[in-house]
Amino acid sequence: MAAVFLNKKRKPRLEQGHPWVYKSEIERTDGEIVPGQLVSVQNHLGKYLATGYYNENSQLTVRIVSYSPIEAMTTEFFVERFTRCFLHRQRFVKGAQSYRLVYGEADFLPGLIVDKFENTLVVQILTLGMDLCRENIVEALVQVMKPAGIYERSDVPIRELEGLKQTKGLLFGDCAKHVDILENGLRIRVDIEEGQKTGYFFDQRENRAAIAPLMTGWGHRSGIQLSEVEENGVTQMLPVNANGKVVTFPLWDGASVLECFSHTGSFTLNACQFGAKKVTCLDISEHAIESARTNVALNGFEDRVEFVVADAFEYLRTQVKGLDERKLRSAAATGQAKVDTSKPVGTGGRTWDVVILDPPAFAKTKSAVEGACRGYKDINLHGMKLVNEGGYLVTASCSYHMHPELFLETIHAAATDAGKLLRLIEFRGAGMDHPRILGVDEGHYLKFAIFEVRSK
């Protein structure tokens, strides 16, 4: 087997478990190397370190697949790896039939993503080394998972960095365009052909469930409390309003919720399931809102959800502007300010008990971090201004280059400018079907936080 020898002065990342060898770390090669094929990786003294596949066209020249010598990534190799992946998900995603089955480097299969949607598998092949093994991959998946069908969604620009064309299509069996899955007890319809990435984002599964405590406990704001009420000779605890009348609305204790960047409406669905009384579901994409509308209908939540197709940045600013106008008019009514009341009040000014911000990645490269910080600060500043006093801001970032410390610093800066005090209630990452190798910071891309919002 051909070999790659590493520089003496490089950092010992490979020895510490990092699965990539950069071109700048390679001192020399030995033997004829066929692009995409396996090579032995050795240090400058010739000591064996690992085996990985080689692509000189990529800055990530070698991606490690084994820490013991292997000659080829055969069907049997993939069967063993996929079996391990399956056993991990059975242990940690109990009872679920839909989840991320293979998570690239974290499952020791760099360049390969496999998502399981009930009995359909969606595969994403990102690198030359994996692309050369596609027949073995499909054969092994059929052996281990016995799916009804396997569909490929390798229609992503990152393949072009490997010298590969974007591609998608059926690889095995039969696949319907839409697959209904269950997540957190909710029905969700996934478009495996046209949906983003593989069709759905499993990484926020546990985070969506984490909003449950935020969805109830709001009735007291309307003067509603549980009291002993006698009806037909039977005394029971019932919700009673400030006028002493029994409240018959079943969701009297539920939160009002705004979900921005809703995509398929996954947080909206969880909010409704956990008791929210009204949810505003917003996305700039009409296709996304139609998907969310379908999912809301599948779960019978139509009467509680309003849908808005709009740019989240503009929508948040409009609501804050309207809120400021109303505050100014209130001050004018008491003689504390002067306002031209001949002008109509704007359409904004709404507030919610819980505001959820789950935007796409703003920083896809290191050079984009500065602009991403401005974007995250902007949406969080305006979002927290629209949270009712003592309510909650739920906010996330899926930009790897936006490191956790920087993410929290940015939100803190937004709170300072907004005149808000934030209490961090929970800080989370991706779910258990997205494991992370310690020392591989690139796997720590998702940040998810729940803050209580109070005014200074």
Side-chain angles (χ1 to χ4, degrees), residues 211 214-215 218-223 251 254-263 265 267-268 271-272 276-286 288-289 292-293 303-359 362 374-396 410-411 413-422 450-456:
I211 69 172
L214 315 182
M215 295 300 114
W218 303 96
H220 66 281
R221 289 180 180 257
S222 304
L251 299 169
S256 59
V257 180
L258 168 65
E259 181 193 6
C260 295
F261 310 99
S262 65
H263 189 220
F267 277 102
T268 289
C272 289
K277 66 182 176 184
K278 191 70 177 179
V279 182
T280 303
C281 180
L282 180 148
D283 199 283
I284 194 171
S285 164
E286 291 189 13
I289 287 297
R293 196 186 299 274
D303 58 335
R304 281 191 271 166
V305 181
E306 63 172 345
F307 298 94
V308 178
V309 178
D311 178 271
F313 288 89
E314 291 300 322
Y315 184 84
L316 293 172
R317 290 191 196 104
T318 298
Q319 301 309 318
V320 169
K321 182 179 179 182
L323 191 62
D324 290 341
E325 287 178 357
R326 283 165 170 73
K327 288 179 179 177
L328 196 58
R329 290 192 178 230
S330 295
T334 59
Q336 299 175 14
K338 292 184 178 181
V339 178
D340 183 359
T341 56
S342 65
K343 294 182 179 180
V345 180
T347 57
R350 294 180 63 184
T351 60
W352 291 265
D353 298 320
V354 180
V355 172
I356 302 172
L357 305 173
D358 184 22
F362 290 162
R374 290 193 296 269
Y376 284 116
K377 182 178 179 180
D378 187 80
I379 60 167
N380 282 282
L381 185 149
H382 289 90
M384 66 182 69
K385 282 185 174 182
L386 300 178
V387 176
N388 292 327
E389 184 68 18
Y392 296 90
L393 174 70
V394 178
T395 183
T410 302
I411 295 172
T416 300
D417 289 356
K420 301 292 183 180
L421 288 171
L422 300 183
I450 297 176
F451 295 98
E452 183 189 56
V453 182
R454 293 193 175 274
S455 300
K456 290 182 179 177

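Everything quoted here is computed from the prediction, not taken from an experiment.
In this structure, His382 has no ring-ring contact (aromatic ring centres under 6.0 Å, His included) partners at least two apart in sequence or on a different chain. Judged as a salt bridge (Lys or Arg N to Asp or Glu O under 4.0 Å), and not counting sequence neighbours, the contacts of Asp378 are Arg317. Take Thr410 and apply the side chain to side chain donor-acceptor pair (under 3.5 Å) test, not counting sequence neighbours, and it matches no residue. Considering only residues two or more places apart in sequence or on other chains, Ala292 meets the side chain to side chain contact (heavy atoms under 4.5 Å, CB included) condition with Cys281, Phe307. When the side chain to side chain donor-acceptor pair (under 3.5 Å) test is applied to Asp417, the partners found at least two apart in sequence or on another chain are Lys377. In terms of the side chain to side chain donor-acceptor pair (under 3.5 Å) criterion, Arg221 has no residue partners (sequence neighbours excluded).
Heavy atoms from other residues, nucleotides or ligands lying under 6.0 Å from CD of Glu306 number more than 12. In this structure, Lys278 places its NZ atom where more than 12 heavy-atom neighbours from other residues, nucleotides or ligands lie under 6.0 Å away.
Two residues are said to be in side-chain contact when any heavy atoms from C-beta on lie closer than 4.5 Å; Trp352 and Leu386 meet this criterion. The side-chain heavy atoms of Leu393 and Leu357, taken from C-beta on, include a pair separated by under 4.5 Å. Residues Val354 and Met215 meet the side-chain proximity criterion, which asks for heavy atoms closer than 4.5 Å. Counting only heavy atoms from C-beta outward, the side chains of Leu316 and Leu258 approach each other to under 4.5 Å. Counting heavy atoms from C-beta outward, Arg454 and Lys420 have side chains that stay 4.5 Å or more apart. Cys260 places none of its side-chain heavy atoms less than 4.5 Å from the side chain of Ile379. At least one side-chain heavy atom of Thr280 sits less than 4.5 Å from a side-chain heavy atom of Arg350.
Nearest approach of Ala271 to Val279, heavy atoms of both residues: CB-CG2, 4.1 Å. When all heavy atoms of Arg304 and Cys272 are compared, the closest pair comes out as NH1-O, 2.8 Å. Closest of all the heavy-atom pairs between Ala276 and Val257 is CB-CG2, 4.0 Å. Tyr392 and Val387 get closest at one heavy-atom pair: N-CG1, 3.3 Å. The shortest non-hydrogen separation linking Ala312 to Phe261 is CB-CZ, 3.5 Å. Of all non-hydrogen atoms in Phe313 and Gly375, the two that sit nearest each other are CE2-O, 3.6 Å.
Considering CG of Leu282 and OH of Tyr315, their distance stands at 6.5 Å, rounded to 0.5 Å. Distance check: Lys385 NZ to Thr351 OG1 gives 14.0 Å after rounding to the nearest 0.5 Å. With rounding to the nearest 0.5 Å, the separation of CG in Leu422 from CG in Asn380 is 9.0 Å.
Of the possible donor and acceptor atoms, one in the side chain of Asp283 sits under 3.5 Å from a partner among the backbone N and O of His263. Asp353 places a side-chain N or O within 3.5 Å of a backbone atom of Ser256 that can act as its donor or acceptor partner. In this structure a side-chain-to-backbone donor-acceptor pair under 3.5 Å is present from Glu389 to Ser455. The main-chain N or O of Ile356 is never found under 3.5 Å from a side-chain atom of Glu259 such that the two would form a donor-acceptor pair.
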